[in-house]
Amino acid sequence: MAEISSITPGFDMSPVAAGFVGAAVLVISVSVTVFIWTCCHHRAQKKLKNPPYKFIHMLKGISIYPESLTNKKKTVNIRRDKPPPESDPAHNTLMGNHGELGLMSSEKGPNGLATATCTDQLPVHSSYGDEFSPGQSLTSSGSKSSSPSSPDADTTLGTLSLSVDYNFPKKALVVTIQEAHGLPVMDEHSQCSDPFIKMTILPDKKHRVKTRVLRKTLDPVFDETFTFYGIPYSQLQDLVLHFLVLSFDRFSRDDVIGEVLVPLAGVDPSTGKVQITRDIIKRNFQKCMSRGELQVSLSYHPVAQRMTVVVLKAKHLPRMDITGLSDPYVKVNVYYSRKRIAKKKTHVKKCTLNPVFNESFIYDIPTDLLPDISIEFLVIDFDRTVKNQVIGRVILGAHSVTANGVEHWREVCENPRKPVAKWHCLSEY
C-alpha cells in the first residue's frame, strides 16, 4: 500500500500579518473608490452650472454681471486696427483711518456722547512741518486745479451712444455702452486720449461699473454690456443713468472729459432695445452761496499741556453730488508758526447735508507755544471718481480771520479745562 506523505504550504504567514495585509488592501480600495467618485461628482456639477459670466461687482446682495461671453450681442473683434485693451485704471483708494498718527481711546464729548479719540504727541519745533500757512495750505483733499488738458466750456466734448433693454424673466436692466465720437484731446504729448467710462445708477448709487480703457483714440468703440439684476420694471421711471467719461492717466489722477445723464422716465424698453445718443456735457458741480456751518469744541488743559479738539456736526452744507446730497468729512490741520505739525480726518458721512461726527482728537501742546498755534478745519466732499472737493473751511487760533473765530479762541485760552463749543460759518477755501 502506497504511503501518503503530508503536503506543506510553500510559505508560512501568521494570522496577524494576514489581517494587516487585508486591512491595508481594503483601505486602499475604499480611498481609490472615494477619489474616483469625487472627481466624477465635480465634473457633473460643472456641466450643470450656468453659462460662464464674467464677475464685475457685488454690493448689498445685488449681483452685477455682463452678458454671457457666448452671447451673439457681444462682438469679440470690434476693430482690428484697435490696440488691445489695457488694464483698468486703479480705483481711488478710500480715506484712511482718522487715527493715522495717534493712539485710539474713548472719551465723551461736550454733549455727553461717546466720541472716537486720537491722541497725538506733537514734537513742536520751528523747523518741523510743511512750509504752508493756513491761508496757503495745499492738502491732499483740496480742489483739483484745472490742467492745461482740461476741456474748456466752449470745446465740443463729443457724443456717447448706448442702448437700454429690460429682461423680464430675470428682472434685469441691460445697458450696453456702445461707442463715443469726437472726444477732446486730453494728452498734449500724444495728441490723443485714453478714454474709459464709469457708470452709476442714480439716485441710490448702488451700482457702479466701468468699461475697459481704450488707448490713444478719440472715437472709442466699447461695445460692453452690463446686466443689473434685482431692478423691478416699475422702478425704472425713477432711475437715472449717469455716465462719467474719463481719460486714463498712469502718473496722476484720471482727467474728467465730461458726463452724460439719461433719465429712464422717458425710455420704454418693454418693446425692445432702445437706442440712445447723447451729447457729452461738462461736469457740473452744484455750488451754493452759503457753504454751511460747522460746530467744533475746544478745551485746553494747562497741567497736562493738552488740547482736545472735537468735531461735533455740520449743517446746511451745499449739494456737491448730482443726487442732491454730499458725502462730507472733516480734515483737521494743526499749524505752528505757519508750519503744519499734525493732520487728522474724521470718517465720511454718506449722503447727508447735516452730518453728525462726534469725533475728538487730542494734541500735546506746550503752554508757551499756544499763542502761535492755529487749527484749520476743512469740510470736504468725498468722491470715488474724481478729486475730493473742499466745501469750506474754518480757522481758529493765531491766524483766525473772523471775529467769531477770534472770540472762540480767546474763550478757550481764558477758560482752561472747560470745553467751549461754537458754530462757525464755512468760508471759501
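FYI, the numbering just counts along the sequence from 1. Any value given below was found using the heavy atoms of this structure, including those in side chains, with hydrogens, waters and symmetry copies removed.
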| request: Begin with the C-alpha distance, continue with both residues' side-chain angles, and end with the deciding distance and a verdict on side-chain contact (heavy atoms from CB on, under 4.5 Å) for F243 and L160. | output: CA-CA 9 Å; F243 301 90; L160 178 65; 3.9 Å; yes
| field | Distance in Å, L369 CG paired with Y336 OH, rounded so as to fall on 0.5 Å steps | value | 4.5 Å
| query | Atom CG of L378 and atom OH of Y329: how far apart are they, to the nearest 0.5 Å? | reply | 8.5 Å
| field | Nearest-0.5 Å distance, CD1 of residue I375 to CG of residue N333 | value | 10.5 Å
| request: Give the C-alpha distance, both sets of side-chain angles, the deciding distance and a yes or no for side-chain contact (heavy atoms from CB on, under 4.5 Å) between E259 and I281. | output: CA-CA 6 Å; E259 65 180 355; I281 61 175; 4.0 Å; yes
| said: Could you walk me through whether V330 and L294 satisfy the side-chain contact (heavy atoms from CB on, under 4.5 Å) test, starting with their C-alpha distance in whole Å, then the side-chain angles of each, then the deciding distance to 0.1 Å, before giving a yes or no? | reply: CA-CA 9 Å; V330 179; L294 178 67; 4.2 Å; yes
| task | Would you check if the side chain of T227 reaches a backbone N or O of V174 as a donor-acceptor pair within less than 3.5 Å? | result | no
| field | K422 to W409, cation-pi by 6.0 Å centre distance and 45° axis angle | value | no
| said: Please evaluate residues H347 and E359 with respect to the criterion side chain to side chain donor-acceptor pair (under 3.5 Å), reporting the C-alpha separation (whole Å), side-chain torsions for both, the decisive distance (0.1 Å), and the verdict. | reply: CA-CA 9 Å; H347 290 91; E359 297 186 36; 3.1 Å; yes
| With a 4.5 Å heavy-atom cut-off, do L317 and P355 have their side chains touching? | yes
| query | Hey, does M186 have a side-chain heavy atom less than 4.5 Å from the side chain of I257? | reply | yes
| request: State, with a plain yes or no, whether a side-chain heavy atom of I280 is found less than 4.5 Å away from one of T159. | output: no
| said: If we count only N and O atoms by modelled type, under 3.5 Å, do the side chains of Q178 and Q275 hold a donor and an acceptor together? | reply: yes
| message | Is any side-chain heavy atom of Y363 closer than 4.5 Å to one of V332? | response | yes
| Could you give the distance from OG1 (T402) to NE2 (H408), rounded to the nearest 0.5 Å? | 11.0 Å
| request: For residues W423 and K313, determine if any side-chain heavy atom of one lies less than 4.5 Å from a side-chain heavy atom of the other. | output: yes
| How far apart are the C-alpha atoms of Y300 and T367, what are their side-chain angles, what is the distance that settles it, and do they pass the side chain to side chain donor-acceptor pair (under 3.5 Å) test? | CA-CA 9 Å; Y300 185 72; T367 306; 3.1 Å; yes
| request: Identify the heavy atoms of V185 and C192 that sit nearest to each other, and give their distance. | output: CG1-N, 3.5 Å
| query | Do P220 and E179 have side chains that get closer than 4.5 Å, going by heavy atoms? | reply | no
| N/O donor-acceptor pair under 3.5 Å between T217 side chain and D219 backbone | yes
| task | Rounded to the nearest 0.5 Å, what's the gap from CZ on R306 to CG on D364? Could you check? | result | 5.0 Å
| Do other residues, nucleotides or ligands put more than 12 heavy atoms under 6.0 Å from K171 NZ? | no
| field | Side-chain heavy-atom pair L173, D165 within 4.5 angstrom cut-off | value | no
| Is the backbone of D327 close enough, under 3.5 Å, to the side chain of D381 for a donor and an acceptor to pair up by distance? | yes
| Can any side-chain N or O of Q389 pair as donor or acceptor with the backbone N or O of K387 at less than 3.5 Å? | yes
| Expected output: side-chain T277 to main-chain S161 donor-acceptor under 3.5 Å | no
| field | D372 side chain vs S337 backbone, donor-acceptor pair below 3.5 Å | value | no
| Test item: S247 side-chain N/O and D194 main-chain N/O as donor-acceptor pair under 3.5 Å | yes
| message | Using 0.5 Å steps for rounding, measure from the CZ atom of F222 to the CD1 atom of I177. | response | 7.5 Å
| query | Considering all heavy atoms of both residues, which atom of N388 and which atom of D383 are nearest to each other, and what is their separation? | reply | OD1-N, 2.9 Å
| said: Strictly distance-based, threshold 3.5 Å: is any side-chain N or O of S326 a donor or acceptor partner for the main-chain N or O of P318? | reply: yes
| field | Side-chain (S299) to main-chain (K418) donor-acceptor, under 3.5 angstrom | value | no
| field | Any L246 side-chain heavy atom under 4.5 Å of K198 side chain | value | yes
| message | One pair to check against side chain to side chain donor-acceptor pair (under 3.5 Å): S270 and D268. What are the steps and the verdict? | response | CA-CA 6 Å; S270 60; D268 185 15; 2.7 Å; yes
| said: Does the plane of the ring in Y233 sit parallel, tilted or perpendicular to the ring in F168? Use 30° and 60° as the thresholds. | reply: tilted
| request: Walk me through it: do I276 and L241 pass the test side-chain contact (heavy atoms from CB on, under 4.5 Å)? | output: CA-CA 12 Å; I276 300 173; L241 303 182; over 6 Å; no
| request: Please report the shortest heavy-atom distance between D368 and P371, naming the atom on each side. | output: O-CD, 3.6 Å
| request: Taking all non-hydrogen atoms of both residues into account, name the closest pair between N354 and T352 and its distance. | output: N-OG1, 3.1 Å
| request: Examine distances only and state if a side-chain atom of E224 and a backbone atom of R212 form a donor-acceptor pair shorter than 3.5 Å. | output: yes
| Which atom pair, heavy atoms only, marks the closest approach of A172 to Y229? | CB-CD2, 3.7 Å
| request: Return the minimal non-hydrogen interatomic distance between G258 and L157, and the atom names on each side. | output: CA-CD1, 4.5 Å
